[in-house]
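In what follows, a structure is listed as C-alpha cells, so that the remarks can point back to it.
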Protein chains: 2
Amino acid sequence: MDGIRSIRAKSGTNLGGASAHNRRIMIDALRVNGALSRADLARATGLTPQAVSNIIEELARDGLVRSQASVRKGRGQPATPYQLVPEGAFAIGLQIDRHVTRTVIVNLVGDVLVQMEAKLPPGGPAQGVVVILDLIRKARNALAAQAPEAEKRLVGLGVAMPGPFGINTLYDDPWMMTAWQNFPLMDRIAEGTGLEVALQNDAAAAATAERLLGAAHGLDHAICIYFGYGLGAGLILNGELYGGAHANAGEIGMMLALVPGDGPDVEPLEHYASMAALCKLLDFDPSEPELFAMVTDAILRGGPKLEQWMDSVAERLRRTVQILESIFDPQTIILCGGAPRALIDRLVEKIEPLLPSIAERSRRYPEARLQAGLADPWSAALGAAAEPIARTFDPRFSAILKTV
Amino acid sequence: MDGIRSIRAKSGTNLGGASAHNRRIMIDALRVNGALSRADLARATGLTPQAVSNIIEELARDGLVRSQASVRKGRGQPATPYQLVPEGAFAIGLQIDRHVTRTVIVNLVGDVLVQMEAKLPPGGPAQGVVVILDLIRKARNALAAQAPEAEKRLVGLGVAMPGPFGINTLYDDPWMMTAWQNFPLMDRIAEGTGLEVALQNDAAAAATAERLLGAAHGLDHAICIYFGYGLGAGLILNGELYGGAHANAGEIGMMLALVPGDGPDVEPLEHYASMAALCKLLDFDPSEPELFAMVTDAILRGGPKLEQWMDSVAERLRRTVQILESIFDPQTIILCGGAPRALIDRLVEKIEPLLPSIAERSRRYPEARLQAGLADPWSAALGAAAEPIARTFDPRFSAILKTV
DNA sequence: TTTATTAAATCAATTCGCTTGACTTATTAG
DNA sequence: CTAATAAGTCAAGCGAATTGATTTAATAAA
C-alpha cells in the first residue's frame, strides 16, 4: 500500500509560455526605458525584429501600447517609438491597517486615479469587511465617472495588511491583527468584488510600489525597509519580490537585533522603530486622522525627547542596514514608509554615516547605499494596487510555466 | 549628442528555450524523486505524455537517463521507470583556501570519484596557480583511469574561494585573500584546463552541495550557514542559489551583529565564529594537515576554555539564526561547514533552544528549524563540483532565456 | 542632383517542439 | 472471458519564432 506518493517537480512549458514571457518583457522594457522602437526592442530582448513586430502589433490591438510620431535619428528609415498606454489597464489597491482602511485605483503606468479612506469599526473583521466592500464600491463608482471603459480593464485587487501571516503569536495585540488574520477576508473580498484578490504584507506592497514607480524603478536587487505602524522589509531579488516559504519573508520587525547597551531581554525591532513606538512616545492616538500632520509638526518643533528617540532609532536602523547589506549585497537600500516624509528624511540623514560593509565598493552604482523612498499614508495602498499590475504584466519565472 | 543610450531589458525566449527548460525539469524531477515513469513525469510537470516521451527518448540517447525493469502497479499497462545515469556527466570542483587547495570530481548524481589535495605555496597566486593546474591534471588522470569515457562528459569546473569579491578591504589579511582576488585566476584556470570555469564563495558552494545531495535536497527555500575558516551563508531561494547584485550575497561573516554585552566596537561575526577564531584560541596552525583531527580531539577532551568558546559562538549563531529566519522565512536553516563533524554537531546542540521567531509555526515541515549539514574538509570542493552540474542541468529562469 | 549606404520594418516561407486525438499494449477486477 | 484502466505510441496539426529576401525612408558621399 503505497498510498498517494506525491511527486515533486517543477512545471514544464511550451510555446504559449514563451509567448507570454515575450509579451511581458516588451511591456517591462517600455516601462523601464520609456518609448522604444521595434528595432530597439529587438536588440534589447534578443528576439528577431519580425517577432517583436508581431508582438507589438498584438499589444497595440489589445490597447496596451501605442505608437508615437516617428523620429529621424541619422541615416536609415526613421524609427516609430511605442509607449505604454496608461489606460491599458487598471488595478485596485486596498490597505487594511489597525484603525483605517485605504483604497487607491491606479492605471498601467501607476497614475493614481482614485483615492479614498474609511475608518475601521472596532468590532473586528466581520464588521470591517462591510466597510471595506462599501469603500471599494465607492472607489469603482468614482473610477467609472472618470473613465467609463476602465471597469472592463481592471486586472485585479491587491490587499496589503500587516504581517506576519499564519504563525504562532509571538506577542500580543495590538501589534498583530490576529482576529483579522483568522478571518476568511480574501474570500469575502473576492466574492464581494468579483475580482482576483491577492494578499501581501504592507512592506512587500511598498516594495512593489517602489519598483513600479519609485526609487527601485528598474533595479533588480533592492531592499525596501518599510517604516509604518510596524516595521518590515520588501525584498526585490532578481527583479522579483521574494516571499519566502510562507510569504513572511522580510519581517525584520521581528528581529531580535541588538545595539550597544541592549541586554538579553531585547524586544523585537519594531517595538523600538515604528510609528507605533513613536505614538507611544508622544502619547498620540494612532487612529487619529491628523496623525501625520501632528508627527510632522512635532518633528519640526523638535525637542530632546524626540531627538533622542530618532537618534536611537537611527542607530538601530544603521545596524539593520549593515546586516541587510551583508546578507543581500543589494544595489541599494530604500527607507520608505507609511510615515511622514519629514520623519523618513530625518531618519535617513541621521542614519548616515553608514557602518562599513561589503556595500562599500570603489565603483558604486549611481544608487547610494541608502536612500529615501515613498513616504506617505498611501504608499502601502499604492503598492497593493501595483501588485496586480506587476502580476499581470511583469516578467517572472512562474509566468512562463504551465499551471499544473 | 545622445551617445550610446543603453537600453535595459530582460531577454526573450523561443521554442528552444522552452525545450531546454523541459529537459532540465525532467532531470530535476528524477533527481528529487528517484526513478519515475514517463506517465509520472507527465503528470508532475504538466506536459503531455507525448512531449515527455520525446524528451525522455532524447535524454536516453544522450546517455543521461536509462530505463529500469518495468513495474506492475495495479490495473493497466505496467510502467517503465527511468532513472538518471550516474555516468551521464562529470564535473570538477576546486577549493582554494588560505593554505591548501582541494579538488574533487563528481558524477551526475554527486558520487565522488576523485579527491586530491595539495598545499599552497606561500608565494601567492602566481606560484599557486601552477600547483592548482598540476593538481587538476592529476585528478583528471585518475578519473581517466576509472572511467575512460568520462573526459568527454566533463561539463565544467567550479571554483570555491573565500569571499567577498571585488570590494574595498574592510580589514586586513589573513582574513581576506586580497592578492588572490586581484589575480586573473579564472582566466588562467580556464586556459590551463580548457573547461568552463565559474567562481563562487565557499558558502555558496557548500549550499549547492547541500541542495544536490545533502539536507537541502529538494528544498526550495533554505539557508546554509557555512562554518569554515571564515563564516558565510549560501542562500537557496526559490530553488536557486541567490548571489546578490555582485555575487557577494550571504556574507554574514561581515555582519556587525551584537550579542548581549557587546559594545560599539564589535568585530565582524566571523572574528568570533569561525575555524580561524578557534585556531587562534587553541593556538593551532591553520595550515596544519591534521587540523581536523586535532580539533575533534580537543572537543572530545573538552575543557573550560573550549566550552566557553563554544557557548559564546552558539549564542552568536542563535541570534544569527533568529535574524535569518525573520528575514528569509525559510523552510529550514542548515549549519554546515569546512569544519569537523563533532564541532558542527556540538554547535547545533548548543544553539538549541532557538529564540522565538516567525519560524515557530504550529504545522511545521518535516524539517526542523535548524539542522546539521555536511561537515568535512571537502564540502566546499564538493559544492564547487556540484555547481557545473547544477548550472548545466537544473531548471533556472535564466536557462530559458536567450543569451543576448 | 544623383547615387550609395544605412537602418527600420514587413512579407512569405520554414522550422521545430508541443498538442491533439485516435490507437496499441499490457495488466487487473469482476 | 470480458470490461476497465493505465502506459505509451503514431501521425497530423498548430503556433510563435526564425530565416532570408524585400520595401521604405532617411542621410552621406560623389
Side-chain angles (χ1 to χ4, degrees), chain A residues 1-2 4-5 7 11-26 35-61 65 67-82 400-404, chain B residues 2 4-5 7 11-26 35-62 65 67-82 400-404:
Chain A
M1 204 124 78
D2 213 350
I4 298 154
R5 185 184 48 142
I7 298 172
S11 165
T13 188
N14 55 18
L15 254 186
S19 166
H21 171 71
N22 288 344
R23 274 179 66 117
R24 284 169 183 259
I25 57 165
M26 296 296 155
L36 293 176
S37 71
R38 302 183 183 199
D40 284 338
L41 284 165
R43 275 186 298 267
T45 62
L47 293 173
T48 59
Q50 184 59 58
V52 172
S53 242
N54 295 338
I55 295 167
I56 289 293
E57 200 173 346
E58 193 195 314
L59 290 175
R61 238 194 345 268
V65 306
S67 60
Q68 299 178 340
S70 63
V71 291
R72 284 176 275 214
K73 40 178 182 180
R75 214 176 251 196
Q77 175 169 323
T80 307
Y82 283 77
I400 297 190
L401 311 182
K402 314 178 67 160
T403 45
V404 186
Chain B
D2 214 350
I4 297 154
R5 184 184 48 142
I7 298 172
S11 164
T13 188
N14 55 19
L15 254 185
S19 165
H21 170 72
N22 289 343
R23 274 180 67 116
R24 284 169 183 260
I25 58 165
M26 296 296 155
L36 294 175
S37 71
R38 303 184 184 199
D40 284 338
L41 285 165
R43 275 187 298 267
T45 61
L47 293 173
T48 59
Q50 184 59 60
V52 171
S53 241
N54 296 338
I55 294 167
I56 288 294
E57 201 172 345
E58 193 194 313
L59 290 175
R61 241 197 339 271
D62 291 352
V65 306
S67 60
Q68 298 178 341
S70 64
V71 291
R72 284 176 273 216
K73 40 178 181 180
R75 212 176 253 194
Q77 175 168 323
T80 307
Y82 283 77
I400 296 190
L401 310 182
K402 314 178 67 158
T403 45
V404 185

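Letters A, B, ... are given to chains in the order of the sequence lines, protein chains preceding strands, and every chain is numbered from 1.
Scanning for salt bridge (charged side-chain N to carboxylate O under 4.0 Å, His left out) contacts around A:E57 gives an empty result, with sequence neighbours left out. Every residue two or more places apart in sequence or in another chain that forms a side chain to side chain donor-acceptor pair (under 3.5 Å) with A:S37 is listed here: A:D40. Every residue meeting the side chain to side chain contact (heavy atoms under 4.5 Å, CB included) condition with B:E58, not counting sequence neighbours, appears here in chain and number order: B:R23, B:R61, B:D62. Among residues two or more places apart in sequence or in another chain, the side chain to side chain contact (heavy atoms under 4.5 Å, CB included) test is passed with A:Q77 by none. Qualifying side chain to side chain contact (heavy atoms under 4.5 Å, CB included) partners for B:S19, counting only residues two or more places apart in sequence or in other chains: none. Not a single side chain to side chain donor-acceptor pair (under 3.5 Å) links B:R24 to another residue, sequence neighbours left out. Residues forming a side chain to side chain donor-acceptor pair (under 3.5 Å) with A:N54 (at least two apart in sequence, or on another chain): A:Q50. Annotation: side chain to side chain contact (heavy atoms under 4.5 Å, CB included) contacts of B:P49 (sequence neighbours excluded): B:A42.
Using a 4.0 Å cut-off, no side-chain N or O of B:S37 falls inside it from OP1 or OP2 of D:dA7. For the pair A:S19 and D:dG15, the criterion of a side-chain N or O lying under 4.0 Å from OP1 or OP2 is not met.
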What are the atom names and distances for every N/O pair under 3.5 Å that joins the protein to nucleotides 18-20 of chain D?
{"residue": "D:dT18", "atom": "OP1", "partner": "B:N14", "partner atom": "ND2", "Å": "3.1"}
{"residue": "D:dT18", "atom": "OP1", "partner": "B:K402", "partner atom": "NZ", "Å": "2.2"}
{"residue": "D:dT18", "atom": "OP2", "partner": "A:T48", "partner atom": "N", "Å": "3.1"}
{"residue": "D:dT18", "atom": "OP2", "partner": "A:T48", "partner atom": "OG1", "Å": "3.0"}

Pairwise N/O distances under 3.5 Å, protein to nucleotides 28-30 of chain D:
{"residue": "D:dA28", "atom": "O4'", "partner": "A:R75", "partner atom": "NE", "Å": "3.2"}
{"residue": "D:dA28", "atom": "O4'", "partner": "A:R75", "partner atom": "NH2", "Å": "2.2"}

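One N or O on the side chain of B:T13 and one on the backbone of B:I400 form a donor-acceptor pair closer than 3.5 Å.
Pairs engaging residues 13-22 of chain B under the salt bridge (charged side-chain N to carboxylate O under 4.0 Å, His left out) rule: none recorded [sequence neighbours left out].
You can see that DNA chain C meets the heavy atoms of chain B within a 4.0 Å-exclusive cut from C:dC16 to C:dA29, reading 5' to 3'.
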